[in-house]
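Note that ligands are numbered from 1 as they come in the structure, with each ligand's atoms numbered from 1 the same way.
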Amino acid sequence: MDFKKCRKFHVFLVLVLVFVISYSASYKWLISGRTQDAGRSKVTILIWSWPVRVISTLRKDECWDSYHVPDCNLVNNRSLFSQADVVIYHNRELQNGVTKLPLDLPRPPAQKWVWFSLESPTHNGDLRRYGGLFNWTMTYQSDADISVPYGKLVPRRTKGNYTIPAKKTLACWVVSNYQSSHKRSKVYMSLKSLIPVEVYGRWANKPLNHDQVLPTISQCYFYLAFENSVHTDYITEKLWYNAFLAGTVPVVLGPPRANYEAYIPKDSFIHVDDFASIKELATFLNELASDKERYDSYFRWRSDYDVKRYHSWSERFCKICEIYERLPPRKIYDDLDSWSRHEP
Ligand SMILES: *[C@@H]1O[C@H](CO)[C@@H](O)[C@H](O)[C@H]1NC(C)=O
Ligand SMILES: *[C@@H]1O[C@H](CO)[C@@H](O)[C@H](O)[C@H]1NC(C)=O
Ligand SMILES: *[C@@H]1O[C@H](CO)[C@@H](O)[C@H](O)[C@H]1NC(C)=O
């Protein structure tokens, strides 16, 4: 090959290369709508309002530094609105007027607005005025675009066998918001007329500091993991934290047993609905507490699984980047109110 030909060939190669790179970059940009950061695509997620007014300070690369989620730019500086791929709005702050939707700002066409709530439909309020504004939902429901359950089981990584904490109290309950109209209050009232139930929390005038909760509950054979309202998938920290992390057996009141079994083994909990009456439930709990082998069998799953909880709001938000490519590219919730009330 003579020198001239060779140079032409090189120029040709360079041109092809430039074309391929720019084409794939723009193609990637087109399909994902992501902002480009030095050729690498990074999703920018703007937290418009922190849930329950907890303003956390974010690290410079929060998702990578704290949770090893790459290419995820989690920010809470509202002046980055026009650059954000995703903007998260927490329902409660919209509802109580602490924050407003930025309807006055020009909204980038590819930007997704996320409606975020971990409350059940009973406590989300009237959402009719939010129709046609949001693109994605982020809730505990399994069919939300971004589903964030209160906890989950993960394959066990802890070494050694699980040790069941020593027990001295039959049944315990922590309640701060007691309302006699709640189904759970009625069940509690009948139960406590039959067996001793130790109650903690504001309502009982026995508040527990955060660091007292687990050690206190761990001494109970059973924990009343009673939800404040009954909805599909609405299985909260009452089960994951108060009962499971404390090392006790949950007695659950919430969605039907089959729904719980989608999350946890069937022999890890007792369901109020398993019994024809509260009297039968009380008898069962008494018997189970005095039959060590049978009681211990409720902990068998712990040799295979650990309980995973979300540590922070950021951890949940960083999850969006992990599933970003699989989220629907075009979507509008025209009737958010109806959606928020549906049962998956
Ligand atoms: C928010 O971002 C703007 C624009 O990038 C910057 O000028 C400002 O200092 C930032 N504010 C904070 C609190 O980081
Ligand atoms: C764990 O439990 C199994 C079966 O119950 C037993 O064979 C094993 O020795 C235990 N391991 C430890 C580390 O205690
Ligand atoms: C997001 O929702 C807004 C408001 O309904 C809508 O105008 C926009 O087209 C939606 N964006 C996508 C990418 O679906």
Side-chain angles (χ1 to χ4, degrees), residues 25-38 40-66 69 71-95 98-117 124-139 141 143-148 312-314 316-342:
S26 67
Y27 177 68
K28 205 167 174 194
W29 186 82
L30 272 179
I31 52 167
S32 66
R34 285 186 184 194
T35 46
Q36 290 292 307
D37 177 23
R40 209 174 49 145
S41 54
K42 210 166 183 174
V43 182
T44 295
I45 299 178
L46 170 62
I47 305 162
W48 191 259
S49 52
W50 280 99
V52 247
R53 286 194 240 182
V54 193
I55 317 283
S56 311
T57 38
L58 295 172
R59 296 158 86 171
K60 189 159 181 301
D61 193 349
E62 174 76 18
C63 294
W64 178 254
D65 293 348
S66 302
V69 176
D71 302 332
C72 195
N73 186 29
L74 185 65
V75 297
N76 59 1
N77 182 343
R78 288 185 181 180
S79 53
L80 300 174
F81 177 80
S82 63
Q83 300 157 47
D85 300 296
V86 178
V87 185
I88 301 172
Y89 303 93
H90 188 241
N91 181 59
R92 193 178 317 165
E93 284 64 43
L94 293 178
Q95 292 288 26
V98 166
T99 189
K100 277 217 228 14
L101 292 172
L103 296 171
D104 49 331
L105 296 179
R107 179 168 166 177
Q111 186 178 78
K112 310 295 189 304
W113 283 18
V114 177
W115 179 78
F116 174 44
S117 174
N124 276 328
D126 184 348
L127 301 172
R128 278 174 295 185
R129 66 199 153 115
Y130 299 121
L133 291 171
F134 291 93
N135 306 99
W136 292 336
T137 51
M138 179 168 182
T139 71
Q141 275 126 324
D143 61 352
D145 298 301
I146 304 147
S147 173
V148 278
S312 66
W313 299 104
S314 310
R316 293 183 174 93
F317 298 146
C318 295
K319 184 187 159 168
I320 297 175
C321 290
E322 292 185 298
I323 61 169
Y324 189 77
E325 300 292 347
R326 300 195 297 274
L327 288 166
R330 302 207 65 79
K331 196 163 180 178
I332 299 173
Y333 280 85
D334 284 319
D335 188 352
L336 184 69
D337 191 67
S338 299
W339 187 87
S340 77
R341 289 167 204 288
H342 87 295

Who's the nearest protein heavy-atom neighbour of [atom], and how far?
{"atom": "atom 14 (O) of ligand 3", "result": "Lys331 N, 3.0 Å"}
{"atom": "atom 13 (C) of ligand 1", "result": "Asn77 ND2, 4.5 Å"}
{"atom": "atom 9 (O) of ligand 3", "result": "Arg330 NH2, 3.5 Å"}
{"atom": "atom 8 (C) of ligand 3", "result": "Asn135 ND2, 3.9 Å"}
{"atom": "atom 5 (O) of ligand 1", "result": "Leu80 CD2, 4.1 Å"}
{"atom": "atom 4 (C) of ligand 3", "result": "Gly132 O, 3.3 Å"}

Hey, is ligand 3 close enough to [X] that some N/O pair sits below 3.5 Å?
{"X": "Gln111", "value": "no"}
{"X": "Ile332", "value": "no"}
{"X": "Arg107", "value": "yes"}

Would you call Leu58 and Ser314 a side-chain contact if the rule is heavy atoms closer than 4.5 Å? yes
Contact check, side chains of Phe116 and Asn91, non-hydrogen atoms, under 4.5 Å: no
Regarding Arg59 and Ser66, do their side chains bring together a donor and an acceptor under 3.5 Å, going by distance alone? yes
When you compare the side chains of Arg78 and Thr99, does any donor N or O come within less than 3.5 Å of an acceptor on the partner? yes
Verdict with supporting geometry, Ser340 and Asn124, side chain to side chain donor-acceptor pair (under 3.5 Å): CA-CA 8 Å; Ser340 77; Asn124 276 328; 5.0 Å; no
Which ligand 1 atoms are under 4.0 Å away from a heavy-atom of Ser79? 1 (C), 2 (O), 3 (C), 4 (C)
Between the side chains of Asp145 and Lys331, is the shortest nitrogen-to-carboxylate-oxygen separation below 4.0 Å, so that they form an ion pair? yes
Would Pro328 count as a contact of ligand 3 if the rule is a heavy atom under 4.0 Å away? no
On the 0 to 90° scale, with breaks at 30° and 60°, tag the Tyr89-Trp48 ring pair as parallel, tilted or perpendicular. tilted
Protein non-hydrogen atom below 4.0 angstrom of atom 2 (O) of ligand 1 present: yes
Is it true that atom NZ of Lys100 has more than 12 heavy atoms of other residues, nucleotides or ligands lying nearer than 6.0 Å? no
